[in-house]
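Here is the structure we will look at.
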Amino acid sequence: ADKVTLQLKWVTQAQFAGYYVAKDKGFYEAEGLDVEIKPGGPDIAPEQVIAGGGADVIVDWMGGALAAREKGVPLVNIAQPFKKAGMQLVCPKDGPVKTEADFKGHTLGVWFFGNEYPFYAWMNKLGLKTDGGPDGVTVLKQSFDVQPLIQKQADCISVMTYNEYWQLIDAGYKPEELIVFNYSAMGNDLLEDGLYALEDKLKDPAFEDKMVRFVRASMKGWKYAVDNSDEAAGIVMDNGGQDENHQKRMMGEVAKLIDNADGKLDPATYARTAKALLDQKIITKEPTGAYTTAITDKAIK
Amino acid sequence: MTGQSPAVVSASKLGLTFQTSDGPVQALSNVDLTIGKGEFVSFIGPSGCGKTTLLRVIADLEKPTSGSISVNGVTPEQARENRAYGYVFQAAALYPWRTIERNVALPLEIMGLSKAEQAARIKRTLDLVNLSGFEQKYPWQLSGGMQQRASIARALAFDADLLLMDEPFGALDEIVRDHLNEQLLELWDRTNKTICFVTHSIPEAVYLSTRIIVMSPRPGRVSDVIESTLPKKRPLDIRETPEFLAIAARVRDGLRAGHSYED
Amino acid sequence: MTGQSPAVVSASKLGLTFQTSDGPVQALSNVDLTIGKGEFVSFIGPSGCGKTTLLRVIADLEKPTSGSISVNGVTPEQARENRAYGYVFQAAALYPWRTIERNVALPLEIMGLSKAEQAARIKRTLDLVNLSGFEQKYPWQLSGGMQQRASIARALAFDADLLLMDEPFGALDEIVRDHLNEQLLELWDRTNKTICFVTHSIPEAVYLSTRIIVMSPRPGRVSDVIESTLPKKRPLDIRETPEFLAIAARVRDGLRAGHSYED
Amino acid sequence: MSDLFSLSSITPRSWQGYAALALLAGALFSGLLVTATPGYDIATVALIFILLLFAIQMDQFPPAIAATCLFLGAHGAAWLLLAGITGNEGTARASFYLLLAAAWLLAWRCVTVLSALRPTSRWAATALRLIIPAIFGAWILIIWEAVTRGAGIPFILLPPPSAIGVRIANSLPVLAADVRQTIFKAVIFGYVVGSGAGFLAAIAADRVPFLRRGLLPIGNMVSALPIIGVAPIMVMWFGFDWQSKAAVVIIMTFFPMLVNTVAGLAASGHMERDLMRTYASSYWQTLFKLRLPAAAPFIFNALKINSTLALIGAIVAEFFGTPVVGMGFRISTEVGRMNIDMVWAEIAVAALAGSVFYGVVALFERAVTFWHPSVRGG
Amino acid sequence: MDSFRDNIVPVTSILAGVVVVWYVFAVILNAPFQRDLDRRAGETPGIVEFIGKTMAQPKPTLPAPHQVAVNFFENTFLRKVTSNRSLVYNAWVTLSSTLLGFAFGTALGILIAVGIVHVATLDRSLMPWIIASQTIPILAVAPMIIVVLAAIGVTGLIPKALISTYLSFFPVAVGMVKGLRSPELTHLDLMHTYNASPSQTFWKLRVPASVPFLFTSMKVAVAASLVGAIVGELPTGAVAGIGAKLLAGAYYSQTIDIWSALVAGSVVAALLVMVVGIAGRLVDRAMGGRPA
Ligand SMILES: Nc1ncnc2c1ncn2[C@@H]1O[C@H](COP(=O)(O)OP(=O)(O)OP(=O)(O)O)[C@@H](O)[C@H]1O
Ligand SMILES: Nc1ncnc2c1ncn2[C@@H]1O[C@H](COP(=O)(O)OP(=O)(O)OP(=O)(O)O)[C@@H](O)[C@H]1O
Ligand SMILES: [Mg+2]
Ligand SMILES: [Mg+2]
């Protein structure tokens with residue numbers, strides 16, 4: 001079987017259920033692939049791993065991938081399983097922030113490590129400065145939990161619909177007590193979990209074929225996971241996920257982001273993402289060749 | 001206490017045994033001793049017979065394992081806490097991070113003397129041991145004899161009524177030694193201090209002491225006590241008198257008796 | 001080199017100045033000296049006159065700042081590398097983590113002697129200094145004099161042709177001292193070693209030496225050289241002979257001249 | 001080439017010289033740079049050879065001249081090599097590395113010659129103390145530059161030092177703000193309080209036997225509270241600004257100080273302590289006049305170790321919830337943005353700051369423990 | 001084991017003190033959130049009930065000691081030691097790379113110290129760069145190191161151990177440079193007169209003289225290497241080990257898990273430091289150390 005190494009963006013959880021299901025259910029094997037899934041974690045940059053030769057294909061967000069592309073790692077989006085973005089900003093209802101207009105002068109929790117682009121794009125749109133001055137907002141680098149809100153260190157924090165949001169609920173907040181700014185709903189979303197490979201390797205037809213089979217099996221995995229979300233959560237647990245209930249809920253939410261996708265990239269969202277990055281000078285020139293539909297076209301026939 | 005002349009040191013049946021990994025070492029055994037105020041007592045005896053140990057017991061640096069001892073009528077510990085004595089160790093024990101001057105100042109600082117008083121005492125005692133001009137040197141910049149003199153100066157600056165001196169002049173040449181012997185006698189005469197003095201030199205012991213205690217080893221014990229009949233005023237040339245030589249001969253005999261390989 | 005009898009130590013115009021933070025200290029100045037094979041040379045002089053420094057220069061532990069010196073016809077450094085001498089320091093310098101036995105073994109280990117040879121030499125030299133029975137003790141379990149004897153044993157075990165001894169018997173009583181003096185003379189006579197010996201005792205210097213070098217301080221220099229006219233075989237009572245006393249008197253005069261406060 | 005220089009007339013003075021000569025020969029055989037690599041013409045390559053041979057040959061002269069020539073030869077050759085690779089990244093061949101290694105060996109030889117110098121003037125001694133580590137460091141950078149550029153290592157894995165240098169020059173205001181936040185607030189405060197607390201805890205344990213038995217084992221437990229476990233908790237307790245980072249630094253620096261002070265307090269000699277007893281000196285007098293001076297070498301050990309630990313602690317603590325300024329924040333963020341040159345710029349600044357910090361502590365140490373054999377020379 | 005008995009009372013009483021303070025802080029720190037909860041739920045509990053609730057939150061700001069104790073107990077004793085959820089298992093995973101890293105680190109530290117003490121070139125050129133190396137924030141470069149190591153085929157225990165090594169060699173190097181230079185000058189002179197070779201002087205004098213410094217440094221180093229092992233677990237995939245537990249706890253704000261992992265780490269640390277301390281005392285005794 002052909003060996004493929006997949007580097008995830010984060011730790012083992014239902015966010016990546018499709019890949020684990022595809023491996024567990026033998027979808028990869030059926031395509032003649034031997035796939036190794038490497039979990040990520042804080043401070044693991046999948047872009048570095050693939051550049052260092054540690055992976056064949058990575059799960060990454062478009063922002064990070066385009067930035068890396070400009071820095072000389074020619075990443076190409078080969079499939080986009082997540083149609084929508086799961087990121088949102090939430091504020092407690094009894095706090096000072098009720099609408100976008102209230103942001104000024106308040107503290108907002110944001111994830112960094114490449115996940116900050118949508119937020120900055122949004123603030124850019126609202127015309128708010130982010131340097132902590134009185135007529136802007138104070139940005140707090142949030143760690144991977146919801147403590148800043150519970151501790152009242154921030155007035156609003158970032159959460160993923162499928163993950164931290166539920167931690168807030170667990171901590172005792174009721175959904176009706178939270179004001180939610182969802183990036184997708186606002187049309188501010190940038191592309192999240194996609195699959196990326198290196199451009200020069202893709203030129204090799206054998207590798208391209210491998211990727212076609214990989215994407216096909218992965219999307220099959222995703223479909224299965226969406227349809228059997230409890231089982232998928234169980235598979236994730238078997239592979240090192242934590243907290244079964246949480247994984248089940250996450251699977252449910254992730255299913256909404258997949259939204260019956262076939263893995264094809266939506267050029268409009270791509271264009272918006274690229275523009276937002278350009279506007280913030282995360283990248284300096286219009287990227288070209290940063291995605292290909294060739295793989296998905298072949299995979300989904 | 002002996003009644004009229006108060007005993008400064010009084011020990012009875014004193015014994016001390018060190019526990020070492022290869023068995024106990026009996027350093028002192030059955031030592032009876034009374035030293036009155038104003039006495040100058042020399043301890044002499046073969047190497048390893050317990051002279052240092054006895055001085056350390058008086059100074060409350062070792063606890064006896066048997067018998068009893070009192071210093072100034074109280075326990076050695078209380079006497080130490082009253083700062084009853086100054087001690088000159090067999091090795092100089094100067095602090096390497098202090099200059100000579102500041103080494104001498106050490107006990108004075110601890111007693112909390114004023115700066116002026118400290119300076120005066122330092123000058124006086126360093127003059128006495130002929131170390132003027134070396135105030136600002138560090139111990140490792142001095143010769144062995146100079147280090148020992150600095151440590152004598154330190155003990156003298158402390159100015160306690162009881163002086164415990166463990167071979168203070170061992171590393172000094174005859175001339176300096178004679179000079180310091182005279183100085184010490186003069187100081188003793190003037191201040192009526194009580195002095196316990198360990199030495200290896202028989203003439204020195206005889207010249208200085210009112211009483212000479214000869215010790216012998218294994219186990220360390222007092223083998224002879226010789227009262228000096230010499231007058232209190234002693235010019236250096238007293239050392240040629242027959243009386244002096246007679247005492248010296250007696251000490252030598254006592255000392256020889258303690259040496260196993262001399263029989 | 002002096003031609004026929006090869007010079008073991010030969011120094012000319014030797015000088016050494018220490019740089020200290022409060023100015024230079026001239027420890028040796030203009031020292032001329034030749035010591036032939038088989039000589040027993042004593043150095044005597046007031047405390048701080050540079051005796052130790054001179055020995056250290058011979059041993060390549062200090063570098064002279066002027067003049068020249070050779071040991072066994074080569075530089076002190078080469079001589080040291082040939083293990084030409086054994087050194088007894090003024091302080092015992094025993095390693096606290098080694099027992100007495102293993103302290104004496106140290107130079108033998110370094111020379112790479114066999115275990116059996118080591119054991120034999122250790123036994124012999126510890127016997128010589130009368131420390132048998134203390135082989136397994138650590139230095140801090142010994143009295144001051146015993147420590148010094150251990151360090152003498154260590155130097156003797158090394159068995160070099162040149163012995164540099166810096167006040168080896170300073171902390172010993174008269175009886176032990178006499179005993180060790182005899183032993184040392186006997187060893188010297190038997191092995192024809194060359195010995196440089198620092199002492200503060202005039203009788204000791206006269207009793208032991210073929211030549212006595214009197215030094216005086218500030219700056220350290222040779223002020224008198226006294227050839228001994230005593231025969232090579234010296235019973236202890238030679239110290240009562242007029243000849244002996246005459247030499248001793250001359251040494252005492254030389255010594256006294258070096259003491260500033262004696263004038 | 002070989003008729004230009006008769007190799008046989010060159011007689012090296014050191015094994016580095018011989019090895020360098022061998023490498024030059026190897027470079028000749030493995031094909032000259034010109035034949036394989038763009039960026040090098042005959043003239044450049046000849047110049048490189050001349051420089052290296054010149055350095056080997058001059059080694060036999062008096063140290064000062066030899067060192068100068070070695071310095072010029074090695075660094076001139078390295079400079080030419082690096083200049084040639086510019087614009088041709090990733091094309092280096094074996095001969096490139098062989099020549100680089102030869103130059104490096106000669107630089108090593110240069111350092112050896114310099115180390116053996118015993119300058120008489122104070123000024124020259126100081127200069128030497130700076131030059132020797134500088135050459136060593138320069139070669140770390142040269143080799144790094146040559147390998148990253150020569151082998152064409154992706155920028156986001158390891159950028160060459162030159163790029164990092166440019167980045168530093170262009171980001172001074174940002175770097176300054178980060179240093180202010182991380183070092184001048186968190187590190188210094190945490191270092192002082194943490195070391196102080198460790199010191200006081202050691203004294204307390206020494207003074208009160210009850211505490212000694214109880215506190216030390218618990219002090220040991222603090223030693224391993226890992227930053228990643230503690231940092232989020234500290235953020236919870238002390239907010240996300242520098243105070244929580246300082247708290248992490250306190251925890252990290254506490255233990256080394258505790259352990260070293262305890263060991264140091266046991267280091268004074270028996271006779272020295274007996275002396276204090278004869279003066280009936282109080283606990284505190286003995287402490288200040290004897291035991292602390294005797295403990296100073298140990299305490300300075302802890303201060304030195306802490307000077308670097310504090311920096312690591314503060315930076316790593318900033319990975320977990322911070323305001324958007326600070327060296328740790330910048331590092332973790334810029335990794336995410338693939339601006340690895342910025343990451344290394346921060347690291348370089350951290351290394352510089354840490355070295356200065358350590359150097360200051362070491363200077364204090366020399367001044368305070370001048371009497372210790374390790375300072376007096378040994 | 002007299003000393004053991006002597007220690008029990010002080011240790012337990014100080015621990016008891018810590019626990020009391022901990023309870024107080026738990027109530028204080030958890031109170032604001034509890035108040036929020038109650039307010040949102042429209043409840044107004046009495047004081048006692050309120051305090052009880054602050055100590056029973058599922059994700060408290062500061063878990064109460066008994067919450068941690070229960071969690072610690074369950075995860076230590078009630079799980080099979082081979083289970084991924086067992087603290088014993090996770091502690092063992094961390095411990096193994098700690099020990100490996102500590103061994104490497106000590107060896108490397110001593111090696112560097114020996115080099116610095118003996119080779120003038122190294123003394124002058126290496127030390128500044130070693131110091132500089134220590135200021136590199138390890139967590140920042142660890143992922144890169146691990147990527148590079150993985151690329152050349154080194155995975156598993158070694159990368160984590162290398163991070164431990166990196167953190168632990170420095171205290172040893174600094175301490176040993178000091179220790180190896182600490183012999184008395186007369187003791188060095190003595191070796192000099194024997195014309196002892198550098199290696200003889202090293203083994204017979206410098207090493208014994210450096211022992212107090214060595215063991216003190218090793219205590220610091222073993223603690224540092226434990227921290228290194230825990231930190232190293234993050235970028236290496238963090239599947240098992242105390243660091244992984246901490247991280248997993250942190251994702252989901254499971255503060256009780258975090259604290260019990262912290263307690264586990266601390267216990268391991270205290271044990272390691274104690275072992276080094278005991279080793280130090282044994283060596284001291286074997287060297288004829290004089291009782292204080
Ligand atoms: N701390 C100790 N542990 C074990 N034995 C000891 C200790 N101190 C001294 N001794 C032993 O006690 C005996 C007496 O020692 P002490 O130091 O009192 O002798 P001393 O009379 O002062 O000899 P010297 O004239 O050589 O200084 C010796 O045999 C010595 O080995
Ligand atoms: N390391 C040093 N630094 C500065 N001065 C020193 C040093 N060593 C010795 N001296 C000085 O050199 C002079 C001679 O010292 P040395 O030790 O040779 O005297 P000595 O003759 O052995 O005296 P003693 O009989 O007291 O041992 C003294 O004045 C001393 O202060
Ligand atoms: Mg004694
Ligand atoms: Mg001397």
Side-chain angles (χ1 to χ4, degrees), chain B residues 18 20-23 25 27 44-53 89-92 99 130-131 133-138 141-149 166-167 169-179 198-203 217-218 220 251-252 255-256 258-262, chain C residues 18 20-23 25 27 44-53 89-92 99 130-131 133-138 141-149 166-167 169-179 198-203 217-218 220 251-252 255-256 258-262:
Chain B
F18 289 107
T20 72
S21 55
D22 59 337
V25 175
I44 197 163
S47 169
C49 69
K51 305 179 293 295
T52 300
T53 308
F89 288 91
Q90 201 166 354
T99 58
N130 210 33
L131 273 182
F134 290 88
E135 292 87 353
Q136 299 307 326
K137 294 272 186 287
Y138 286 95
Q141 298 176 323
L142 296 193
S143 76
M146 292 158 104
Q147 290 178 18
Q148 203 163 3
R149 282 183 277 153
D166 197 351
E167 290 185 51
F169 306 145
L172 303 178
D173 65 291
E174 221 161 89
I175 312 290
V176 182
R177 207 162 169 148
D178 284 352
H179 170 75
V198 174
T199 180
H200 281 130
S201 159
I202 298 173
R218 259 155 276 174
V251 175
R252 185 164 295 117
L255 198 53
R256 190 158 292 146
H259 275 90
S260 46
Y261 52 78
E262 286 293 310
Chain C
F18 288 106
T20 72
S21 55
D22 59 335
V25 175
I44 197 162
S47 167
C49 69
K51 304 180 294 295
T52 300
T53 308
F89 287 90
Q90 196 165 357
T99 59
N130 210 33
L131 273 183
F134 291 88
E135 290 87 353
Q136 298 308 325
K137 295 272 186 290
Y138 285 95
Q141 297 176 320
L142 296 192
S143 76
M146 292 157 104
Q147 290 178 20
Q148 202 164 6
R149 281 183 278 153
D166 196 350
E167 290 185 52
F169 306 144
L172 303 176
D173 65 291
E174 221 160 89
I175 313 291
V176 182
R177 205 161 171 150
D178 283 354
H179 169 75
V198 173
T199 179
H200 280 132
S201 159
I202 297 172
R218 259 155 277 174
V251 174
R252 184 163 297 116
L255 199 52
R256 187 157 295 144
H259 276 90
S260 44
Y261 51 79
E262 286 291 312

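So that the names make sense, note that chain A is the first sequence line, chain B the second, and so on, each numbered from 1.
Going from atom CD of C:Q90 over to atom CD of B:Q148 covers 9.0 Å, rounded to the nearest 0.5 Å. Distance check, rounded to the nearest 0.5 Å: OG of B:S201 to NE2 of C:H200 gives 14.0 Å.
Judged purely by atom type and a 3.5 angstrom limit, B:S47 has no side-chain atom pairing as donor or acceptor with the backbone of C:L172.
Proximity to chain C (any heavy atom under 4.5 Å) is shown, for B:T20, by both the backbone and the side chain.
With a 4.5 Å cut-off on side-chain heavy atoms, C:V25 and B:K137 count as touching.
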